[in-house]
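Note that this is a predicted model, so its numbers are computed, not measured.
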Amino acid sequence: MTEPHTPWSPVDIAFEAAKDHQFPYTEVELEAEFRHPASGTVVRRPAFWDGGRRWAVRFASPGLAGEWTWRTVSSVADPGLHGRTGTLTIGETDPAAASPFRRHGFWRMSPGGRSLVHADGAPALIVADTAWGLPWRATAEQARTYAADRAAKGFNAALLMSVMPDMDARGPRDRTADGGFDIAFEDLRDGGLDRMVPAYFQRLDELLGILDAHGIVPVLQPVFHGFGWKGLRVAGPVVPPASYARYCRYLVARYGASPAVWLVGADGRGDEPQIAAGGREIEAWDGYHQPTGIHYRPHGPNNASQEASWLDFQWCQTGHRGEHLPERVADMWRNLPVKAVANGEPSYEHTGGRGVAAGWWQGHEAWSNLCAGGTMGVVYGAGSLWQWVQRVDEPGQAPFFMAPGASWREALDFEGSTYVGLLRRILDGVPTTDMAPDWQTCLATRGLLSPGRLFLAYSEHGGTLQFSPDAGDTVPLPYRVMDPRTGKTIASGARTGPLAPVEAPEGEPLVYLCFEGADA
């Protein structure tokens with residue numbers, strides 16, 4: 001007897017076309033509709049072409065056990081693809097599953113739109129690394145080394161360019177060679193996305209599977225709009241919007257039945273027509289409603305498509321010169337209608353020179369951005385890691401973005417990544433949903449407040465936390481004081497009343513957490 005499948009885990013259903021199709025990627029559309037008769041829930045999933053006559057649909061039950069039925073619809077009258085039917089049996093959710101995504105479901109936006117939650121409402125924060133070049137430069141062995149390191153430090157996501165985006169980049173199809181990279185579309189160098197290479201995505205399946213096994217969510221960017229890998233004419237603003245949208249649908253088909261975030265635009269103005277076309281396509285096909293947003297260049301307006309229903313978040317970046325600019329995040333917080341915000345690209349550690357944005361600079365940056373309103377989470381980056389430099393001083397890379405004397409492997413060990421990863425460890429289990437920036441509850445401290453549920457404060461120099469007479473009962477009495485450089489608890493207890501301070505030593509960075517259970 002076949003064991004039932006697990007909720008929130010992908011199941012592949014394979015199909016073989018009855019005949020050859022000249023242009024299967026661009027001219028054949030296939031989808032499957034999954035129904036859960038007991039609840040009436042329906043999930044539509046697009047299928048993806050996997051080379052030759054092979055097609056597949058990936059489906060994950062959104063937490064509903066029992067029998068699911070499915071039926072395919074194809075744009076061509078091919079009996080191998082159209083009108084196929086079947087059933088799946090899904091077991092109960094395992095409350096002891098190691099992955100929070102298997103226990104609580106995929107990420108989606110919170111009720112207030114300011115932060116992440118799992119499908120069952122459990123609070124979440126994205127703590128992401130920028131490993132942009134991993135999909136087309138890393139080997140499986142390298143990806144395992146990377147994922148194990150980042151998971152151990154507390155990271156739960158990685159920003160990835162799904163394809164090498166530079167039209168004028170040239171090099172061997174060898175991931176480990178100087179200047180080498182793998183190719184996803186043969187015509188990308190001409191500004192097209194039509195001649196897909198299925199073998200590329202089969203390898204990407206393996207790489208993303210490694211990340212998923214370590215709890216690292218891919219933040220998938222279709223085709224970059226800004227600098228790219230080497231600044232050699234990115235294809236994002238050039239490809240036809242319809243082709244860009246088709247590729248977004250393909251990414252949803254292939255990777256949307258696992259945890260994912262859709263970074264539909266990156267490093268551009270945000271108003272490029274490809275971005276809105278891709279966003280609308282993702283909204284139409286992602287039945288799990290995983291987060292979709294835009295990441296801007298350093299001098300971008302950070303508010304394109306603000307009113308679009310497909311848009312969930314806006315991410316700024318603050319350049320690469322080692323300056324703390326949390327006001328960029330604060331400005332985005334004020335934009336309406338409400339979208340979640342974050343600094344998606346602070347200065348890379350050791351970028352262009354040793355000591356730039358290094359060490360605790362990264363920890364202070366993360367906590368400052370969070371408290372400025374970046375309540376979706378925080379992002380880290382390292383020079384030489386983001387472009388996946390294969391060896392020290394690999395030629396052909398832009399010196400401004402290289403960490404001197406470091407390949408991706410040396411950059412993995414930069415000190416600052418430890419502090420950013422610790423943010424997630426410190427806030428694990430804390431009720432962070434829809435907390436908001438607060439400057440009135442206590443004296444001269446960066447704060448986040450969810451009235452009656454949570455008060456979070458970060459002080460660069462520590463010291464006693466003193467509350468405003470107007471705070472009332474908005475701040476829970478139990479508290480915990482933590483060192484953000486080590487993750488250790490410095491003090492805990494319960495205040496005796498709404499105005500009672502939280503005593504803490506002066507001189508070093510501290511994080512203060514007030515919520516029910518903080519003193520446990």
Side-chain angles (χ1 to χ4, degrees), residues 62-63 100-101 104-128 156-157 217 219 259 261-264 279 282-283 286 288-295 302-316 326-344 366-379 423-424 427-441 446-458 471-476 513-518:
F101 299 99
H104 302 294
F106 302 158
W107 283 337
R108 60 181 58 180
M109 302 314 299
S110 62
R114 291 296 195 183
S115 61
L116 295 176
V117 294
H118 289 274
D120 68 354
L125 284 171
I126 191 170
V127 178
N156 60 8
V217 176
V219 181
V261 174
W262 312 116
L263 196 61
V264 70
I282 290 171
E283 181 182 37
D286 179 14
Y288 303 107
H289 310 293
Q290 301 199 74
T292 303
I294 303 174
H295 171 54
N302 306 330
N303 64 354
S305 296
Q306 188 78 20
E307 296 185 0
S309 61
W310 56 262
L311 184 77
D312 297 314
F313 65 85
Q314 304 274 37
W315 286 0
C316 67
E327 57 266 31
R328 298 300 299 277
V329 175
D331 283 347
M332 288 195 302
W333 172 273
R334 301 183 186 99
N335 290 335
L336 295 174
V338 165
K339 306 293 179 181
V341 301
N343 185 349
W367 286 101
S368 298
N369 284 319
L370 183 77
C371 291
T375 51
M376 187 174 178
V378 299
V379 180
L423 184 144
R424 176 171 165 239
L427 296 181
D428 187 33
V430 175
T432 54
T433 303
D434 285 329
M435 54 189 177
D438 177 88
W439 301 97
Q440 300 176 343
T441 296
R446 302 174 189 270
L448 293 165
L449 178 67
S450 176
R453 205 158 45 88
L454 170 69
F455 182 70
L456 181 159
Y458 165 65
D473 59 358
T474 61
V475 179
L513 300 170
C514 300
F515 65 97
E516 291 300 326

Checklist line | side-chain contact (heavy atoms from CB on, under 4.5 Å) partners for D428, two or more places apart | finding: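 Residues passing side-chain contact (heavy atoms from CB on, under 4.5 Å) with D428: none at all.
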Checklist line | Test log, rule side-chain contact (heavy atoms from CB on, under 4.5 Å), inputs L370 and Y458 | finding: CA-CA 9 Å; L370 183 77; Y458 165 65; over 6 Å; no
Is there a side-chain contact between [X] and [Y] in this structure, where contact means two heavy atoms from C-beta onward sitting under 4.5 Å apart?
| X | Y | value |
| --- | --- | --- |
| W262 | Q290 | yes |
| L263 | F313 | yes |
| N343 | V379 | no |
| Q314 | N302 | no |
| V127 | L427 | no |
| R114 | W333 | yes |

Could you grab the distance from atom [atom1] of [X] to atom [atom2] of [Y], nearest 0.5 Å is fine?
| X | Y | atom1 | atom2 | result |
| --- | --- | --- | --- | --- |
| M435 | S115 | CE | OG | 7.0 Å |
| D312 | I294 | CG | CD1 | 10.5 Å |
| L311 | T292 | CG | OG1 | 8.0 Å |
| T432 | M376 | OG1 | CE | 12.5 Å |
| D434 | L448 | CG | CG | 11.5 Å |
| N335 | N303 | CG | CG | 5.5 Å |

Applying side-chain hydrogen bond (donor to acceptor under 3.5 Å, both in side chains), can you list everything that pairs with [X], at least two apart in sequence or on another chain?
| X | answer |
| --- | --- |
| S305 | none |
| W107 | none |
| N369 | E365 |
| R453 | S450 |

If you take all heavy atoms of [X] and [Y], which pair is closest and at what distance?
| X | Y | answer |
| --- | --- | --- |
| V219 | A157 | CG2-CB, 4.1 Å |
| L125 | L116 | C-CD1, 4.4 Å |
| L513 | V430 | CD1-CG2, 4.2 Å |
| C316 | M332 | N-CE, 3.4 Å |
| S368 | P326 | O-CB, 4.0 Å |
| H118 | P123 | CD2-O, 4.1 Å |

[X] (side chain) donor-acceptor with [Y] (main chain) under 3.5 angstrom:
| X | Y | result |
| --- | --- | --- |
| Q306 | P337 | yes |
| D438 | G447 | no |
| S110 | T433 | no |

Next item on the list: Please report the C-alpha distance between R108 and V117 in whole Å, then the side-chain angles of each, then the deciding distance to 0.1 Å, and finally whether the side-chain contact (heavy atoms from CB on, under 4.5 Å) criterion is met.
Entry: CA-CA 6 Å; R108 60 181 58 180; V117 294; 4.0 Å; yes
Next item on the list: Sorted by first residue and then second, give each salt bridge (Lys or Arg N to Asp or Glu O under 4.0 Å) pair with at least one member in residues 330-343; sequence neighbours left out.
Entry: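 Listed by first then second residue: D331-R334.
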Checklist line | Mutual orientation of the aromatic rings belonging to W315 and H295 [parallel < 30°, tilted 30-60°, perpendicular > 60°] | finding: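 Perpendicular: the ring planes of W315 and H295 meet at over 60°.
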Margin query: For a side-chain contact (heavy atoms from CB on, under 4.5 Å) check, start with the C-alpha distance between V217 and N156, then their side-chain angles and the critical distance, and finish with the verdict.
Written below: CA-CA 6 Å; V217 176; N156 60 8; 5.5 Å; no
Notebook entry, point to check: So with a 6.0 Å cut-off around CD of Q440, is the heavy-atom count from everything else above 12?
Noted result: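 Check fails, neighbour count at 12 or below.
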